[in-house]
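Below: one structure, written as structure tokens.
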Amino acid sequence: MFVIIHNTRLYLFHYIWHTSPKQRGPHYRISRPGLPAVDFQKKRHLHCISMKRDVTALLTDALEALGVSPCPHIEIEVPREDSFGDLSSPVAMTMAKALKKAPRKIAEDIVGRLKDNPIFEKIEIAGPGFINFTFTKSYLLSSLQHLLKAEKAFLRENVGEGKKVLVEFVSANPTGPLHIGHARGAAVGNALCNLLAESGFTVDREYYINDAGRQVRLLGLSVYARYQQLTGNEVPFPEDGYRGQYIDDEASALRAERGETYKGISFDICGTEITSWTYSRMLVLIRKDLSRFGVTEFDAWISEKEIFAQGEVANAIETLQQKGFIYQHANALWFRSTAFRDDKDRVVIKSDGEYTYFASDIAYHKNKLDRGYDTIIDIWGADHHGYIPRIESVMQAFGYDISQFRVILVQMVNLMKHGEPFQMSKRAGTFVTLSDIIDLVGADTTKFIFLTRKADSHLDFDLDVVTATSAENPVFYVQYANARINSILTNAREKGLEPAQGVDLALLAESAELVLIKKLLTYPMVLENAARSFEPHRITFYLQELAAMFHTYYHNHRVIGEDAALTHARLSLCSAIRIVLSDALGILGVSAPEKM
RNA sequence: GCGCCUGUAGCUCAGACGGAUAGAGCAACUGCCUUCUAAGCAGUGGGUCAGGGGUUCGAAUCCCUUCAGGCGCGCCA
């Protein structure tokens, strides 16, 4: 058995290796503190709780009554303009070809069947054939009531339907501290996992440790060299060695811990021990950095070295050989990836008899597949994009469908300083660690900035700009809205205004209030779309919009006033806004402070 | 040379499976704190969606092409 992390929470490779998700029990689900898991089973019995689902159901009925069967996917969107109603559907236009009728005529037929439904204030046909729905106030208020009562369960769509997803992210080599690029992968991966877990998927989070290759050996050799120098034994520093300050620190720590034990001893003899000692400490460091960053919930840390030790690499290649996808050429063993999606075949065993890095990756991905996940997501730096076809080929070679596999490429972060690119190199020792950035900018801000961009868009992270404008950072804007509401609710409580039974929400008559309620009710759609597209950044944009609407409302209307009944109604609205704000921030992995 | 990503307001970026008059923040300028948090609010200006062609009722979105930037193309990891 191999201990992966030297920590009170031990992750044993043995456990990962031999425990299939099935054995963990059908109810296994990751839940984070403060956000208990939703019971989707229960939710199905509720009615009138989602604008989108209600409209979809009614449209489906209408289309079936018009002889459309089976009913296709119905698109529902939140229109750009308020004058286009609360929800809109282009379904009449998309059906035009199939039905061989004019879009507006189809729309009229549909509307004819819906217009008497009491949940709609009005239904209009607009433009080339949009059907625009406007809800009645009573419908909106009863939905708000549901939101207040059901809270989190109200906000969820069961996108995943219990499907098992494995997300592998960060997976930085344990050769030094994490930097800004890893941080982006961590922020995106963490938010995505939260999002999927909250959307009805069963999510496992995994970190793959490349502890078997040359890089880790170089790490050990670097520390070895510095250590020898500290003991007065001048050995040349390895040409490709790691040169950061942390290497010196590790060498000092090694000397403090082990004294002169290794002085003058050749690397051939003590190298394995020093390397193992060093990279274990690097893993602890990485874990600590991730923890400071608020990303701590990996379910498994998978060791490449252990995959070798368990014979999985040899087995995987043997399996491919039996399937006829391995051949020998020029003293090396090749995987015939061109049989699938790759543009050239790939070496798995070099002519010197060593496995390539790709070989252990084959074994690792086979291992993932064999564990029975419905979907496997890898989050990689964009510089690894050329790797996708060969891994997809591996999937297919083992007989799996590549639609089960999804790589999310996280684009490079250009670290800037004074508007100039700041080149980082771990080996040259010129890099800004994640830890530095957390000290400088803060974990919340850093995460939020990463999550205001699509994963595949390039991103300039200017240390000057980010620190100088931190007071105007959008994350504070959103958190401030939450803190303000909290302050109002606290004030109300101190004045003895406890939320009474039978709050009359109908007193919320201001147009700003109805617009806010509608915005709250679109939140489940935002989550659903974000989960379906694996794009957590959509939540970030929604949050900014909702916060802006609240700040405006706050400025124009007093919540706590003379009229007790109105006060209660407005306090309820504020509570609902706070539920959504803190829920969304929680999914993004950003804190929702009560005071600021 | 081939492949992947990107190109939208002065800057940083959104823009949903092709949908209605292309949006937000920052920066700039002008107002608003004796009232629940001014890390806030209100207002003003700002666009050939890199260029060109195509597909159709409709294109920032799909296809082709040119240009620009980034990344990748090893018996490295």
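Just so it is clear, the values below take in all heavy atoms, side chains as well, and ignore hydrogens, waters and symmetry mates. Proteins get letters first, then strands, A, B, ... in listed order; numbering begins at 1 in each. Not measured: the values here are computed from a predicted model.
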Identify whether any heavy atom of [X] sits under 4.0 Å from a base atom; if not, whether one sits that close to sugar-phosphate; answer base, sugar-phosphate or nothing.
{"X": "S487(A)", "result": "base"}
{"X": "E528(A)", "result": "nothing"}
{"X": "T552(A)", "result": "sugar-phosphate"}
{"X": "D460(A)", "result": "sugar-phosphate"}
{"X": "A96(A)", "result": "nothing"}
{"X": "L333(A)", "result": "nothing"}

Given the [atom1] atoms of [N] and [M], what is the spacing between them in whole Å?
{"N": "C49(B)", "M": "A22(B)", "atom1": "C1'", "answer": "8 Å"}
{"N": "U44(B)", "M": "U34(B)", "atom1": "C1'", "answer": "30 Å"}
{"N": "G51(B)", "M": "U61(B)", "atom1": "P", "answer": "10 Å"}
{"N": "A14(B)", "M": "G7(B)", "atom1": "C1'", "answer": "15 Å"}
{"N": "G10(B)", "M": "U48(B)", "atom1": "P", "answer": "8 Å"}
{"N": "A28(B)", "M": "C64(B)", "atom1": "C1'", "answer": "41 Å"}
{"N": "A50(B)", "M": "A42(B)", "atom1": "C1'", "answer": "36 Å"}
{"N": "G19(B)", "M": "G58(B)", "atom1": "P", "answer": "15 Å"}

Where the chi angle of C33(B) falls, syn if within 90° of 0 and anti if not = syn
N-glycosidic conformation, C17(B) - syn within 90 degrees of 0, else anti |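 You should classify C17(B) as syn.
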Of D352(A) and Y553(A), whose closest RNA chain B nucleotide lies nearer the 5' terminus?
-> Y553(A)
L409(A) or A547(A): which one's nearest nucleotide on RNA chain B is closer to the 5' end?
->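 It is L409(A), whose closest nucleotide lies nearer the 5' terminus.
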Between atom CZ of R104(A) and atom CD1 of I131(A), what is the distance when rounded to the nearest 0.5 Å?
->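 Going from the CZ atom of R104(A) to the CD1 atom of I131(A) covers 10.5 Å.
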OP1 or OP2 of [N] under 4.0 Å from side-chain N/O of [X]:
{"X": "S457(A)", "N": "A14(B)", "result": "yes"}
{"X": "Y357(A)", "N": "A77(B)", "result": "no"}
{"X": "R484(A)", "N": "A38(B)", "result": "yes"}
{"X": "H537(A)", "N": "G15(B)", "result": "yes"}

Is any NZ, NE, NH1 or NH2 atom of the basic residue among [X] and [Y] found under 4.0 Å from an Asp or Glu carboxylate oxygen of the other?
{"X": "K305(A)", "Y": "D211(A)", "value": "no"}
{"X": "D343(A)", "Y": "R346(A)", "value": "yes"}
{"X": "K52(A)", "Y": "E528(A)", "value": "yes"}
{"X": "K519(A)", "Y": "E545(A)", "value": "yes"}
{"X": "R214(A)", "Y": "D240(A)", "value": "yes"}

Rounded distance (Å) that lies between atom [atom2] of [N] and atom [atom1] of [X]:
{"X": "I388(A)", "N": "G72(B)", "atom1": "CD1", "atom2": "P", "answer": "14 Å"}
{"X": "I391(A)", "N": "C4(B)", "atom1": "CD1", "atom2": "P", "answer": "18 Å"}
{"X": "K344(A)", "N": "G3(B)", "atom1": "NZ", "atom2": "P", "answer": "13 Å"}
{"X": "N482(A)", "N": "A39(B)", "atom1": "CG", "atom2": "P", "answer": "16 Å"}
{"X": "H555(A)", "N": "G40(B)", "atom1": "NE2", "atom2": "C1'", "answer": "7 Å"}
{"X": "E562(A)", "N": "U35(B)", "atom1": "CD", "atom2": "P", "answer": "16 Å"}
{"X": "L87(A)", "N": "A16(B)", "atom1": "CG", "atom2": "C1'", "answer": "13 Å"}
{"X": "I362(A)", "N": "C75(B)", "atom1": "CD1", "atom2": "P", "answer": "14 Å"}

For E168(A), does its backbone N or O pair with a side-chain atom of D378(A) as donor and acceptor, under 3.5 Å?
-> no
Are R484(A) and Y554(A) in a cation-pi contact, defined as NZ or CZ under 6.0 Å from the six-membered ring centre and within 45° of the axis?
->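 The answer is yes; both the distance and angle limits are met.
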Nucleotide nearest [X] (side chain, heavy atoms from C-beta), chosen from [options]:
{"X": "Y387(A)", "options": "A77(B), C75(B), C73(B)", "answer": "A77(B)"}
{"X": "Y477(A)", "options": "C36(B), C41(B), A77(B)", "answer": "C41(B)"}
{"X": "M596(A)", "options": "A77(B), G40(B), U37(B)", "answer": "U37(B)"}
{"X": "H458(A)", "options": "G40(B), C36(B), C5(B)", "answer": "C5(B)"}
{"X": "N491(A)", "options": "A16(B), U37(B), C75(B)", "answer": "U37(B)"}
{"X": "R538(A)", "options": "A39(B), C41(B), A16(B)", "answer": "A16(B)"}
{"X": "Y554(A)", "options": "U37(B), A77(B), C4(B)", "answer": "U37(B)"}
{"X": "E535(A)", "options": "G15(B), C4(B), C41(B)", "answer": "G15(B)"}
{"X": "V78(A)", "options": "A16(B), A14(B), A77(B)", "answer": "A16(B)"}
{"X": "K454(A)", "options": "A14(B), C5(B), C36(B)", "answer": "A14(B)"}

Donor/acceptor link under 3.5 angstrom from S351(A) side chain onto base of C75(B) = yes
Test for a donor-acceptor pair under 3.5 Å between the base of C71(B) and the side chain of H385(A), counting only N and O atoms.
->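 Check passes, donor-acceptor contact within cut-off.
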Residue pair T175(A) / M282(A): nearest heavy atoms and the distance that separates them |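 So the minimum-distance heavy-atom pair works out to C-SD, 4.1 Å.
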Report yes if the distance between the aromatic ring centroids of F130(A) and F84(A) is under 6.0 Å, otherwise no.
->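 No - the distance between ring centres of F130(A) and F84(A) does not fall below the 6.0 Å cut-off.
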Go ahead and name the base partner of [N]; Watson-Crick or wobble counts if both distances stay under 3.5 Å, otherwise write none.
{"N": "U56(B)", "result": "none"}
{"N": "G23(B)", "result": "C13(B)"}
{"N": "C2(B)", "result": "G72(B)"}
{"N": "A42(B)", "result": "U30(B)"}
{"N": "G7(B)", "result": "C67(B)"}

Going by the angle between their ring planes, with limits at 30° and 60°, are F550(A) and Y553(A) parallel, tilted or perpendicular?
->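 Correct class here is tilted.
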Assign the ring pair H365(A) / W380(A) to parallel, tilted or perpendicular, where the plane angle (0 to 90°) is split at 30° and 60°.
-> perpendicular
Write down the protein N/O and nucleotide N/O pairs, taken from nucleotides 18-24 of chain B, whose separation is under 3.5 Å; answer none if there are no such pairs.
unit_1, atom_1, unit_2, atom_2, d
A20(B), OP2, R80(A), NH1, 2.8
A20(B), N6, S88(A), OG, 2.6
A20(B), N6, N132(A), OD1, 3.0
A20(B), N1, N132(A), OD1, 3.3
A20(B), N1, N132(A), ND2, 3.0

